[in-house]
Amino acid sequence: MYLCRSLRSAIPVEVPVIETPQTSEAATPRAVPAPVDTHTPLRNALKLGGSLLVTYVIGFGLQVLVPRLLGPESFGQYNWATNTATAFFILSALGLDVYIRKEVAVRKEHANEFFGGTLLLQTVLAVLLLGALALVMHMRGASPEVRTLALSLGVYQFFFRLNAILAAVLHAHEKVDGLSVAHILMKCIWGFGLAALLLLRVPLPWLAAPFIAAEIVKTVFLFRLTRQHAGLRLRLDLRATGVALLAALPFFLNDAALASNGPLDIFVLGTLANTTEVGYYGAVWGIAGMTMLLSPILGWVLLPMMSRAAASSQEEFTRILRRGLEGIVSLSVPVTLALALGAETWVRLLIGEAYLPAAPVLQMLAPIFVFTYVATVCGSWLMAANRPWTVTRTTVLAVGLKLALNLVLIGPFMQWRGLTGGASAAATSLALYEVIVTIVLVYAIGSRAWDARSLAVLGKTVGVCAAVTAAHLLMGQLGLDSRDLARGLARLVVDGLLYVSLILLTGAVRKDEVLGLVRMVRNRRKSQPDAGPTPSGSPSSDEVRAA
């Protein structure tokens, strides 16, 4: 997911959707796992969600402040440099964070076998990639300011991706208390540092300093946590490293395709259009990307739990998928609906009048995130079901199609839509990409992805959205439109009240389930061994939905 990648990349928001090949299981026999414990993943999700809420508050403030203070042109340069650096360092991820969540979740000591070798490989890759990035910047004739910013953010990318791997080890061991603290500490360093530099009006290259400082501090903190809670040790075993890298290959290809989404599109947009278009697109993507709050939690918590369920009970495995899809649709649809209906109001309120030409682009981006969440849950299930190449092939082919669409559409859209034509073309290409990926992944799972209950929830939710949209348009005709900020906000409040009323009346979200979830979270189990999860039986619908 792109987002004004310059901001969002500071939050490790990987969206893992692949899995290890079966050869890894043959190479290392697994012990029979205990029945899946859904209480611990739920509590971990809430802990991580709490830390993310704090970090997103800081990130939200900067997503408003940065575009306002820099303006479309300078923000476009900043965004273009950030995404270019991100695109280059996609190769350094190696797919290890997703592999760790899948394999180390059931083989606790496995990380020690390959971590030292992969760290050495990542370091060598980082040096080579920085050299390649410098060469490309020189050949493109980038200004010294943009060149220095891009190289500095390349250094940040190295630590960012290393931290994602260290965090994955803690997720796999279900030790997230310290990780939650690390997220908050890192975001405070980054957020307050960047805000201070923006207010001081420093040159663009200095804006990379808070990113680098925050990730280095987080690296030191996570190394300590992984040694303490996961027993992680630096050990060079070339054979084990090679085996792990081969097993993680589908992860790597899928991650590379996913991670190239935003950075590659921004690079193409800045090359075929201009950095002002990049500024418009990045600013409204910063607003739209706030709907992805749950994305890290899905990757950190859902995948390890699905992996354990797949080895324990196929019935439970399917149940987690269905209730997970049902829950994620219920949570994501109202947010994206509010974003789409109130696009002009949100732009005026959050990033200012200068970005109003990009409001239609925000409307195009808003619905995408429902598809993104569904694809993430389905991809995690396929990963846990030992079908990684299904997801990898789908993602790689869809990314290729999206790149081709960008190359074909940006020129004509610029002539058709003028100032934000290139950004509209990028949003159109992304929408088609997400729809295709979601359809293919749901089709690959088949009827296990839904039951009568989930189809009923989906139908009711679509009906409620249609009713709220009709009421929204009617209020606009009656004078409550978005040309005035106060009227636009009042209109959105009415939309929200109507949505909540209808969703409860139709039973798309059941009040008793929500209350049951709250009670379950409050009433923790009296005892639980530290060594690992204890048998808990089949999860209730509340537990599965939350997990």
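Worth knowing before you read on, the calculation uses all heavy atoms, side chains too, and leaves out hydrogens, waters and symmetry mates.
Considering CG of Leu339 and OG of Ser332, their distance stands at 12.0 Å, rounded to 0.5 Å. Here Ile436 contributes atom CD1 and Leu401 contributes atom CG; the two are 5.0 Å apart, rounded to the nearest 0.5 Å. Expressed to the nearest 0.5 Å, how far CZ of Arg417 lies from OG of Ser424 amounts to 4.0 Å.
For the pair Ile287 and Trp346, the tightest heavy-atom approach, listed with the atom from each and the gap, is CD1-O, 4.2 Å. Heavy-atom minimum distance, Leu94 versus Leu121: CD1-CD2, 4.0 Å. Annotation for Cys465 and Val333: closest pair SG-CG1, 3.2 Å, computed over non-hydrogen atoms. Considering all non-hydrogen atoms of both residues, Tyr78 and Leu149 come closest at CD1-CD2, 3.8 Å. Closest approach of Pro210 and Gly193 over heavy atoms only: CG-C, 3.7 Å. Contact detail for Glu145 and Pro203: the closest heavy-atom pair is OE2-CB, 3.6 Å.
Using bins of under 30°, 30° to 60° and over 60° for the plane-to-plane angle, the ring pair Phe413/Trp416 lands in the perpendicular bin. Between Tyr355 and Phe75, the ring planes are perpendicular. Angles over 60° get that label, and only those under 30° would be called parallel.
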### Task
Starting from the C-alpha separation in whole Å, work towards a yes-or-no answer on side chain to side chain contact (heavy atoms under 4.5 Å, CB included) for Tyr433 and Thr395.
CA-CA 9 Å; Tyr433 159 82; Thr395 305; 3.8 Å; yes
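Under a cut-off of 6.0 angstrom, the local environment of CZ in Arg487 is sparse, with at most 12 non-hydrogen atoms contributed by other residues, nucleotides or ligands.
Gln157 and Thr86 are linked by a side-chain donor-acceptor pair at a separation below 3.5 angstrom, with hydrogens and angles left out of the test.
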